[in-house]
There are 2 protein chains.
Amino acid sequence: MHPENDLQAFIREGYLHFLPHVSLDCVVFGFHDNQLKVLLVKWKKLGGWSLPGGRIKRTEHMDDAAQRTLEERTGIREIFLQQFHTFGRTDRTQNAPLGDVADLFGEPIGPDNWLADRTVSVGYYALVEFSKVNPTPDFFSEACRWWDLHELPPLLFDHNQMVTQALHALRAQLHYQPIGYTLLPETFTMPELQALYETILDRPLDRRNFQKRMLGLGYLQRLDERRTIGAHKSPYLYRFDRFQYEKALQEGLGFGQYVPMTSFAG
Amino acid sequence: MHPENDLQAFIREGYLHFLPHVSLDCVVFGFHDNQLKVLLVKWKKLGGWSLPGGRIKRTEHMDDAAQRTLEERTGIREIFLQQFHTFGRTDRTQNAPLGDVADLFGEPIGPDNWLADRTVSVGYYALVEFSKVNPTPDFFSEACRWWDLHELPPLLFDHNQMVTQALHALRAQLHYQPIGYTLLPETFTMPELQALYETILDRPLDRRNFQKRMLGLGYLQRLDERRTIGAHKSPYLYRFDRFQYEKALQEGLGFGQYVPMTSFAG
DNA sequence: TCAAAAGTGTTGGTCCTACACCCATGC
DNA sequence: GCATGGGTGTAGGACCAACACTTTTGA
């Protein structure tokens, strides 16, 4: 995005090409080892972790800026992205006084630098297939990696709050949209899908009710294969059937209208 | 907010006190004559109607800016406000080329003016009691008045889309929160409440099921009075019981968890 | 006395919840 | 063969949807 020689220009006069006072931050969810993961970056100078974020080019749609940012951090295109809240408190960055950093990447920066100025940030959450992600730091960060959702460190800015709200938004959406599939590989077993739901909702679900519900929605396609797992019975593989899903949507069935799906309590 | 002599200063150098590139717009809903109303302002120079909106002071929380803006347009304090979406397309203002207006309020303005610059706008919707509102134009507008939701004119910028999305957000919230009461006077009858729900959801509901549902939630207090209406049986008056509502919330009952309330279809 | 609106209860269907047994597999 | 996990069906309860008659009131 900013080749080395462009970095200092970006810090010094990036506001010519990017909108100042507005940024976006992404809560990227992945699912691995039966845990929800969140992608974080570690800042070079500030030394703390934050969500991957970015700025909006002056000629670029905001949603495209979010896609671009995430493509840079993950290597994935066409990411499932949902805007969930915009954060506009005056004190949201007091956690990490960028303006007090005398020297950012060899470039002097002060409280008057456009990057240190007050910024309203638009929060997106993203659902990605864990194994497809290739975490990549940007110029401001020395590291980029997955963290377990329940073991996040204290984050810079108001990013801990962002994660919390993103999780709430994700849970709410889960009841109305078949978003779980974007977190899984193309084929998956019913127990895997259930584990994902249990992790997101953070409570156990009943196997039988869960399966009835999922199959009842009518757009899970059972394949003829089974997955061989250790010393146990092999579960069937399923695939999300996008065609049947569109069809179900049009018939007003499935999600969209009703479908509370608050509980397959177990 | 901007006394006459301050107006030109605001246009010329308002960016010193307000954040450029960010604005907020409010979809203010009222309920009157069994119709949902939306508050609009008419621009002096552009000549078209838009949502009431505003800018964020550099020292002000964004949510406070929304409250302040609406207080200026309605005279009401402590308005029920919900942020619902942030609009960031590059073409969202091409509808109304502010920068092409050679002269705005006696002050020359060009494409380089901060007000004409690209702006991301945070959308809020507000629910107010119709009769308490005193519509008040600001310096940019020559009129401020209610419009019937179903008879809105083509609006400036992307504001028609904002209204549509606000309405969707309102409908979704209606299923989970007792927001109807903020649109009604303190006391109201069951048929009035039902009319409000029918208007928001845009479909008829069954009286008996509706009443059962509303009373079942447990925080509607029936008063000993009835309202005398024309040549018909007098309906009871009700009041929203905030205390019982809080209690119901804590017990996990009522809204919050389940309560789909998608249909009392009639 | 009539028209228009409000108050009220019951029944059937659907969906959610709870729960138990058999099957497959590798050690 | 046994431990572990996967596959499946049924019965009870809660909630939603459908529906009809009586009461009140002013014209």
Side-chain angles (χ1 to χ4, degrees), chain A residues 33-34 174-176 187-198 201 203-218 220-238 248 251-266, chain B residues 33-34 174-176 187-198 201 203-218 220-238 248 251-266:
Chain A
D33 281 344
N34 271 3
L174 195 61
H175 300 156
Y176 297 101
T187 65
F188 49 87
T189 68
M190 195 58 75
E192 285 164 359
L193 184 61
Q194 181 179 342
L196 170 60
Y197 272 69
E198 289 181 330
L201 297 174
R203 65 195 166 89
L205 305 173
D206 181 271
R207 278 192 303 137
R208 295 153 286 196
N209 295 333
F210 181 80
Q211 168 142 321
K212 251 177 299 177
R213 167 68 92 125
M214 286 297 146
L215 295 181
L217 293 172
L220 273 194
Q221 185 182 5
R222 185 159 99 176
L223 308 180
D224 285 335
E225 314 163 63
R226 290 162 175 260
R227 169 161 297 165
T228 306
I229 52 163
H232 309 296
K233 185 169 181 177
S234 309
Y236 289 104
L237 282 174
Y238 292 86
E251 289 167 8
L253 286 171
F255 297 103
Q257 287 281 44
Y258 186 77
V259 192
M261 197 154 88
T262 24
S263 46
F264 327 75
Chain B
D33 282 344
N34 272 2
L174 194 61
H175 301 155
Y176 297 100
T187 65
F188 49 86
T189 67
M190 195 59 75
E192 285 164 358
L193 183 61
Q194 182 179 341
L196 171 60
Y197 272 70
E198 289 181 330
L201 297 175
R203 65 195 166 91
L205 305 173
D206 181 90
R207 281 190 303 135
R208 295 153 286 193
N209 295 333
F210 181 80
Q211 168 141 321
K212 250 177 299 177
R213 167 68 93 123
M214 285 297 146
L215 296 181
L217 293 172
L220 273 193
Q221 185 182 7
R222 184 159 100 175
L223 308 180
D224 283 337
E225 315 163 62
R226 289 161 175 260
R227 169 162 296 164
T228 306
I229 53 162
H232 308 298
K233 187 168 180 176
S234 309
Y236 288 106
L237 282 174
Y238 292 85
E251 289 167 9
L253 285 171
F255 297 103
Q257 289 280 44
Y258 185 79
V259 192
M261 197 155 90
T262 24
S263 48
F264 327 77

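First the proteins, then the strands, lettered A, B, ... as listed; each starts at 1. All heavy atoms count here, side chains included; hydrogens, waters and symmetry mates do not. Treat the numbers as computed from the prediction; the structure is a model and nothing was measured.
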Proximity to the side chain of A:Asn209 - top-ranked nucleotide from C:dG7, D:dG9, D:dT8:
D:dG9

Quick check for you: among C:dT8, C:dT25, D:dC16, whose closest atom lies nearest to any side-chain atom of B:Arg207?
C:dT8

What's the verdict on side chain to side chain contact (heavy atoms under 4.5 Å, CB included) for A:Leu215 and A:Arg222, showing C-alpha distance, side-chain angles and the deciding distance?
CA-CA 9 Å; A:Leu215 295 181; A:Arg222 185 159 99 176; over 6 Å; no

Using the closest heavy atom to pick a nucleotide of DNA chain C for each, name whichever of B:Ala231 or A:Lys212 lands nearer the 5' end.
B:Ala231

Would you kindly give the [atom1]-to-[atom2] distance between [X] and [N], to the nearest whole Å?
{"X": "B:Leu217", "N": "D:dC15", "atom1": "CG", "atom2": "P", "result": "11 Å"}
{"X": "B:Tyr197", "N": "D:dC16", "atom1": "OH", "atom2": "P", "result": "13 Å"}
{"X": "A:Tyr236", "N": "D:dG5", "atom1": "OH", "atom2": "C1'", "result": "15 Å"}
{"X": "B:Leu237", "N": "C:dG7", "atom1": "CG", "atom2": "P", "result": "10 Å"}
{"X": "A:Leu205", "N": "D:dG6", "atom1": "CG", "atom2": "P", "result": "14 Å"}
{"X": "A:Leu215", "N": "C:dC16", "atom1": "CG", "atom2": "P", "result": "14 Å"}
{"X": "B:Phe188", "N": "C:dA6", "atom1": "CZ", "atom2": "P", "result": "15 Å"}
{"X": "A:Met214", "N": "C:dC16", "atom1": "CE", "atom2": "P", "result": "11 Å"}

Which is it for A:Ile229 and A:Thr189 under the side chain to side chain contact (heavy atoms under 4.5 Å, CB included) test, yes or no, and what are the steps along the way?
CA-CA 11 Å; A:Ile229 52 163; A:Thr189 68; over 6 Å; no

Looking at B:His232 and C:dA4, is any side-chain donor or acceptor paired with a base atom of the opposite kind under 3.5 Å?
yes

About how many Å separate [atom2] of [Y] and [atom1] of [X], when rounded to the nearest 0.5 Å?
{"X": "B:Gln194", "Y": "B:Gln211", "atom1": "CD", "atom2": "CD", "value": "9.0 Å"}
{"X": "A:His175", "Y": "A:Tyr197", "atom1": "NE2", "atom2": "OH", "value": "9.0 Å"}
{"X": "B:Glu198", "Y": "B:Leu205", "atom1": "CD", "atom2": "CG", "value": "4.5 Å"}

Which residue lies more 5' along DNA chain D, comparing B:Lys233 with B:Ile229 via nearest heavy atoms:
B:Lys233

Within less than 4.0 Å of OP1 or OP2 of [N], is there a side-chain N or O belonging to [X]?
{"X": "B:Gln211", "N": "C:dT8", "answer": "yes"}
{"X": "A:Arg222", "N": "D:dT8", "answer": "yes"}
{"X": "B:Arg208", "N": "D:dC19", "answer": "no"}

